[in-house]
Amino acid sequence: MKRIAILGATGSIGSSTLDVVARNADLFKVHALTADTSVDRLLELSLKHAPRYVVISGVPESSAIVRRFAESGCVSEVLFGRKALEEVASDAESDIVVAGIVGAAGLAPTLAGAARGKRLLLANKEALVMAGGIFMDHVASRGAELLPIDSEHNAVFQCFPHVNGPSSVRKSLRRVLLTASGGPFRSTSIKDLSAVTPEQACAHPNWVMGRKISVDSATMFNKGLEVIEAKWLFSVTPEQIEVVIHPQSIVHSMVEYLDGSVLAQLSNPDMRVPIAHALGFPERIESGTKPLDLAQLGTLTFEKPDASRFPCLGLAYEALAADGTAPAILNAANEVAVEAFLSRRIRYLEIADVIRSALDEVDICGAFELPAILDADRQAREVARRNVTRLGARA
Ligand code: NAD
Ligand code: MG
């Protein structure tokens, strides 16, 4: 029986993970669940899954909340604060940590899990984008097992030969082809993009996800983060990572080898598939997804992304080339810009402008130590907030 800590249990990744865990109750036991502020949902989940710990990281410690959990029949110990996230991620009694917190807030607890040598199911791509070098060092030196559950990276991982080891993969690999749906605005005229609303941006054609990643999918910033994520996970150069638009979201990514063979992983667009793969690896376990009906789908199509429609993808490649703290600056500015777009303070097309200014205005330095990365993150947020205010005042 493996014990699991789910960071970000109340979110979309958290729900999909808990669904897979419940289908495989003979294999997994929930050890810890965390939420930022969704106390009601966390209480519901803790009554259902009876973890040893629940963490509420974004609400001040409250005896009233502790009492409420106890009086509702919850058996879990209730912890508060950001440090508690790191404690449950590194708890000696858990085997698996699911990194399902959104944004830079997931970095410290995810690193804590890596430092304790856990099997780490990584959804929180922002952590890897910000601190990839430090992260991968922790994984290697502490014997952690990093399994991507971002659907594209999980697909790439599945297309690697697991018998011959990573160095033989690197020698024989030509390209990693990351697929992207193109989001809700793949064919909207560029003129109309200036007026799109948060509701339209969050209405993804194939996936149901949290609001931040939904906006990132619309701008293709998400794919940019995934390009950087792929560099760290698979030790490939930026030139070896290509993005191809595949609107049906059935082929989750591909790997091309030197002999011209291209391997792909296919499934319905359902996050339970990569999560079940990583939970069970190297065994296969039930995910609950429907069988794939290719005859009913009929056609799978592929196209090149249009750089003028998706400037955020180009900005991510630029940050990847600049290296050092540039990806952390890119990520932080985007978090501020998306938040401002979701609260209607800036327009959709201004998200890219806010990121552009942060990359131009914040000095880029080496990303060998966490303080330098956190400082770049802080400076980028400051610059981005200033630009959001300026754009908001003009509107
Ligand atoms: P979500 O918004 O649905 O859930 C986020 C979770 O993190 C919630 O449990 C929330 O309480 C918690 N959280 C939010 N802010 C926090 C903070 N400051 N401190 C601590 N906890 C906080 O997000 P999601 O869609 O589940 O995405 C989670 C992560 O997984 C993101 O990094 C996203 O890019 C990645 N991801 C998601 C999907 C998907 O299908 N949803 C797919 C691939 C990757
Ligand atoms: Mg993805």
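Every number for a ligand or one of its atoms is a count from 1 in the order of the listing. Note that the structure is a prediction, hence the values are computed from the model and not measured.
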Under 4.0 Å, heavy atoms only, figure out whether ligand 1 is touched by the backbone of Glu126, its side chain, both or neither.
side chain
The atoms of ligand 1 lying under 4.0 Å from a heavy atom of Asn124, numbered in the order shown, are 32 (O)
Would you mind running through ligand 1 and noting each atom that sits below 4.0 Å from a heavy atom of Thr10?
8 (C), 9 (O), 10 (C), 11 (O)
Does this structure show an ion pair linking Arg378 with Glu382, if we count only N-O contacts that are shorter than 4.0 Å?
yes
Tell me which protein heavy atom sits closest to atom 35 (C) of ligand 1, plus the residue, atom name and distance to 0.1 Å.
Ala123 O, 3.1 Å
Among non-hydrogen protein atoms, atom 27 (O) of ligand 1 lies closest to Ile13 CG1, 4.2 Å
Checking a contact table here: which protein heavy atom is nearest atom 3 (O) of ligand 1, and how many Å away?
Ser12 N, 2.9 Å
With a 4.0 Å heavy-atom cut-off (strictly under), which part of Ile213 contacts ligand 1: side chain, backbone, both or neither?
side chain
Working note: Ser94 + Asp91, criterion side-chain hydrogen bond (donor to acceptor under 3.5 Å, both in side chains); need CA distance, chi angles, decisive distance, verdict.
CA-CA 6 Å; Ser94 73; Asp91 189 291; 5.3 Å; no
Take His252 and Thr179 through the test side-chain hydrogen bond (donor to acceptor under 3.5 Å, both in side chains) and record every step on the way to the result.
CA-CA 6 Å; His252 296 300; Thr179 53; 5.5 Å; no
Atom 18 (N) of ligand 1: closest protein heavy atom, distance to 0.1 Å, is Ala105 CB, 3.3 Å
Which bit of Met271 is near ligand 1, meaning a heavy atom under 4.0 Å away: side chain, backbone, both or neither?
side chain
His246/Thr301 under side-chain hydrogen bond (donor to acceptor under 3.5 Å, both in side chains): CA gap, chis, key distance, verdict:
CA-CA 6 Å; His246 166 48; Thr301 61; 5.2 Å; no
What part of Ser57, side chain from CB on, backbone N/CA/C/O, both or neither, has a heavy atom under 4.0 Å from ligand 1?
side chain
heavy-atom search around atom 28 (C) of ligand 1 in the protein gives Gly100 O, 3.2 Å
Ring centres under 6.0 Å, that's the criterion: do Phe160 and Phe234 meet it?
yes
Relative to ligand 1, is Ala9 under 4.0 angstrom through side chain, backbone, both or neither, heavy atoms considered?
backbone
